[in-house]
Amino acid sequence: MILGLNYIIWVVLVVYFAGMLLLGWWSKRHARDREGYLLGGRKFGVAMMTMHAFGAGTNPGDTGGVISKTAAVGAAGIWVSWMWMFGTPFYWLIAPIMRRMRCLTMTDYFEERFGRPAAVLYTLVASVGMMIFFGGVLLATTKTVLGMMGKSGPEESELWFFGILGVMTVVFVLYGYWGGIVAAARTDMIQGLMIIVLSFLAIPPALKLAGVGGLGGMRENLARASTVVNDAVDKARAQHGEGDLAGMLATLEAAKGYEPAGTIRKVLALWETDAADPAVRDAARAKAVALLKKSKPVDYLSIFNPAEFDLFTVILLCIGAPLTALALPHLMSVTAAGKTEWEGRVGFTGGNLLKRVCTIGWSVLALCWLAHLIGKGQATTPDAAFGDSIRALLSPVLQGLMLACVMAASMSSGDAVQVTVAGLFTQSIYRPLINPRADEEQMVRFTKIVGVLVIAVSLAFAVGMRSSLVRTIILYFNVLAAVGISTALGILWRRMNQVGVFCGTIAAMAVLIACRAIDGVPKTVTYGGFLAAGVVFGVLGSLLSKPPDRQRVDNFIKKIYVPIGQEEKLSLSLDEAVPPEKRLFTGGGLFLVKPSRQSWVGFLVTLGICVGCVLGMLALLRI
């Protein structure tokens, strides 16, 4: 054993990281200019684009988040990743639009459509969102590694946390600095395949764990545990109402083994608060009683949980998913780096569908681990559940492979954030405001330097947001959606202008911050309120201010509706390039064209696959 890990695990990690660093160094020859560094020269095929989209969109935050929340609430934890599910069909429509914009970064879109101030606003908000995102990735990776090392206890984890965090950061900063998006896409290809293995490798031994007994045994045990917990909570409430505090505590104590990380354990921990001051102790017990009274029923086998992910909450998250996608700084690289529009469409949509399928594997693994913990009557720290389960389930060689997969996914996300967020600053701040005469070499150098700084800020976020991985994931999701509203309105509505961008984005962010800062705000209000504010104030701000330049808007619309390879049409008027018979609806300033057969068939097929994933998960839980 070396630092809590079998020496075989270290051998696997050393070989893996040496190979990835060499691949990054080799890829640097393709990153001589900004298009090569940021979009790989637009030369990727379907396989590369698919794995690039899968790798850039899949990270330890997804795996760790799903398993963390599932260990606490049951199958509903799958929505930590599946909140993107029904935004996925829109990816089939988004990908060609991004390719036809003929831009290097999303900043280029905002500057061309709205103006430079809007581009700077987008850069700031999207960068904050992505740094929160990567802070969550670092947090998830570190806690997973701590769990695998058996170092997740509060007494010894502090030093290990910072050590692991620092080593990981240095490795992928060097890696992304060398190779740009070519390095990111090439390792996404390798790491994407490894993550597929990650999703299913531990399931067979998990099904054989004590307290699980295969899929059938897992379902039976979790259903029984749900009943025990709900009956105990109802009985404890009644006993408290009758003044039988001793009986209440005895009831909860007897049932706590059926809830490894839920309300019962929280209530008991608060009640047993060891404080010399009676006022502090009384306050803790009052909080425990309040928690007991407002707790919602437990159903470990339901994908909808009234306390965390009820149906309406899931619907609101899925509405926000395409808006969040439209604000991703690396959206151009995962949609526009392909040879043609087809590669972008298939790669972006297919890579994300692959992730939706793999999420089922993560959820089944988590449910098996939950059933095992219940069978042993053992508590768990949710954020360390993934690492704990891998350490218990796999041999040293497979643990090394699994740990390499986790680190690989973290590196993949680090590449995307480091390269693309830095590209935003280069396009919107450095080139126009600091060094207008900068040549390609100077801009690539600045992009790389800013990339290192971006990772440093993400590191600070990881340290500051250690209390809740899932809360961090949803925060970045919502922050990006706040500015993604303007992206969508700018594509669909001709009247949207720069004032609307500022009004909509600021209003959405203000509502989001207020809802998260005030205790007791329902999740549906939080997730729906900022979206409504962004749309309403974006529209009002645009209508109450000067309309955008008509020619500027016409030129933009021509670009997004003229396919790649038909650039001669860009010199025509809008009526000639997109004649009236090709338009679906243009009332109220909207500009929608009739979808091609490829568009609507692909959308429906993707939607069908998404519905199939949900039905498949329901079948696993109930049949």
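Residues: numbered from 1 along the sequence shown.
- With hydrogens and angles ignored, the 3.5 Å screen pairs a side-chain donor or acceptor of T88 with a backbone N or O of M85.
- In terms of modelled atom types and a separation under 3.5 Å, the side chain of S542 and the main chain of N497 share a donor-acceptor contact.
- Between W84 and F477, the ring center distance clears the sub-6.0 Å criterion.
- Annotation for L323 and A488: closest pair CD2-CB, 3.8 Å, computed over non-hydrogen atoms.
- Taking every heavy atom of both residues into account, P432 and R116 meet most closely at CB-CZ, 3.3 Å.
- There is no side-chain donor-acceptor pair under 3.5 Å between R437 and Q442.
- In this structure, C613 and V357 approach most closely via the heavy-atom pair SG-CG2, 3.9 Å.
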Could you walk me through whether V450 and T426 pass the side chain to side chain contact (heavy atoms under 4.5 Å, CB included) check? CA-CA 8 Å; V450 173; T426 301; 5.6 Å; no
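- A pairwise comparison of heavy atoms in V562 and R102 identifies O-NH2, 3.1 Å as the closest pair.
- To the nearest 0.5 Å, the span separating CG on L124 from CZ on F425 amounts to 6.0 Å.
- Judged by distance alone, the side chain of Y476 and the main-chain N or O of F134 form no donor-acceptor pair under 3.5 Å.
- Within the 4.5 Å cutoff, no side-chain heavy atoms of M83 are placed close to those of I78.
- Using a distance-only test at 3.5 Å, with no hydrogens or angles considered, a donor-acceptor pair links the side chain of T324 to the main chain of G320.
- Using modelled atom types, one side-chain atom of R552 and one backbone atom of E112 make a donor-acceptor pair closer than 3.5 Å.
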Please walk me through it: do T313 and E308 pass side chain to side chain contact (heavy atoms under 4.5 Å, CB included)? CA-CA 8 Å; T313 296; E308 300 288 341; over 6 Å; no
Test log, rule side chain to side chain contact (heavy atoms under 4.5 Å, CB included), inputs F603 and F90: CA-CA 7 Å; F603 180 89; F90 292 94; 4.0 Å; yes
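- Results of the side chain to side chain contact (heavy atoms under 4.5 Å, CB included) test with F591 over L492, L584, V578 single out V578 as the only residue that passes.
- Within a 6.0 Å radius of CZ in F537, other residues, nucleotides and ligands contribute 12 heavy atoms or fewer.
- Interatomic distance, L311 CG to I315 CD1, rounded to the nearest 0.5 Å: 4.0 Å.
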Going through the checks in order, is the side-chain hydrogen bond (donor to acceptor under 3.5 Å, both in side chains) test met by T107 and T123? CA-CA 7 Å; T107 300; T123 297; 3.3 Å; yes
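- At a threshold of 4.5 Å between non-hydrogen side-chain atoms, the residues F133 and L475 do not count as touching.
- A distance-only check finds a donor-acceptor pair linking the side chain of K594 to the backbone of E581 [under 3.5 Å].
- Between the side chain of K559 and the backbone N or O of M101 there is at least one donor-acceptor pair closer than 3.5 Å.
- The shortest distance between side-chain heavy atoms of C358 and K355 does not fall below 4.5 Å.
- Judged by distance alone, the side chain of E341 and the main-chain N or O of P563 form no donor-acceptor pair under 3.5 Å.
- Proximity of P436 to R431: side-chain heavy atoms (C-beta onward) are nowhere separated by under 4.5 Å.
- Here the straight-line distance linking atom CG of L590 with atom CH2 of W493 works out to 8.5 Å at 0.5 Å rounding.
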Can Y109 and F556 be said to form a ring pair (Phe, Tyr, Trp, His ring centres under 6.0 Å), step by step? CA-CA 9 Å; Y109 158 72; F556 172 77; 5.5 Å; yes
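- Looking at T526 and R516, their side chains never bring a donor and an acceptor atom within 3.5 Å of each other.
- To the nearest 0.5 Å, atoms CD1 (I360) and CZ (R356) are separated by 11.5 Å.
- Proximity of a side-chain donor or acceptor of E576 to a complementary backbone N or O of S573 within less than 3.5 Å is detected.
- For the pair M496/F114, a side-chain contact is recorded, criterion being any heavy-atom separation below 4.5 Å from C-beta on.
- No donor-acceptor contact under 3.5 angstrom links the side chains of T349 and T606, judged on distance only.
- Taking every heavy atom of both residues into account, W82 and T359 meet most closely at NE1-CB, 3.5 Å.
- Taking 4.0 Å as the cut-off between side-chain N and carboxylate O, D554 and R494 count as a salt-bridged pair.
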Under the side chain to side chain contact (heavy atoms under 4.5 Å, CB included) criterion, do W92 and Q598 qualify, and how do the steps go? CA-CA 9 Å; W92 187 260; Q598 185 183 95; 4.1 Å; yes
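- C610 contributes atom SG, which lies 9.5 Å from atom CG of N352 (distance to the nearest 0.5 angstrom).
- Counting all heavy atoms, side chain and backbone alike, S545 lies closest to V499 at OG-CB, 3.5 Å.
- At a threshold of 4.5 Å between non-hydrogen side-chain atoms, the residues I491 and I560 count as touching.
- To the nearest 0.5 Å, atom CD1 of residue I132 and atom CG of residue N478 are 10.0 Å apart.
- Side-chain contact annotation: R113 with T487, donor-acceptor N/O pair under 3.5 Å absent.
- For K558, there are no salt bridge (charged side-chain N to carboxylate O under 4.0 Å, His left out) partners at least two apart in sequence or on another chain.
- Within the 4.5 Å cutoff, side-chain heavy atoms of V614 are placed close to those of I303.
- Residues L93 and S599 form a side-chain contact, since some pair of their non-hydrogen atoms from C-beta on lies under 4.5 Å apart.
- Judged purely by atom type and a 3.5 angstrom limit, Q498 uses its side chain to pair as donor or acceptor with the backbone of A118.
- Between the side chains of N435 and Y430, a donor-acceptor pair is found at a separation under 3.5 Å.
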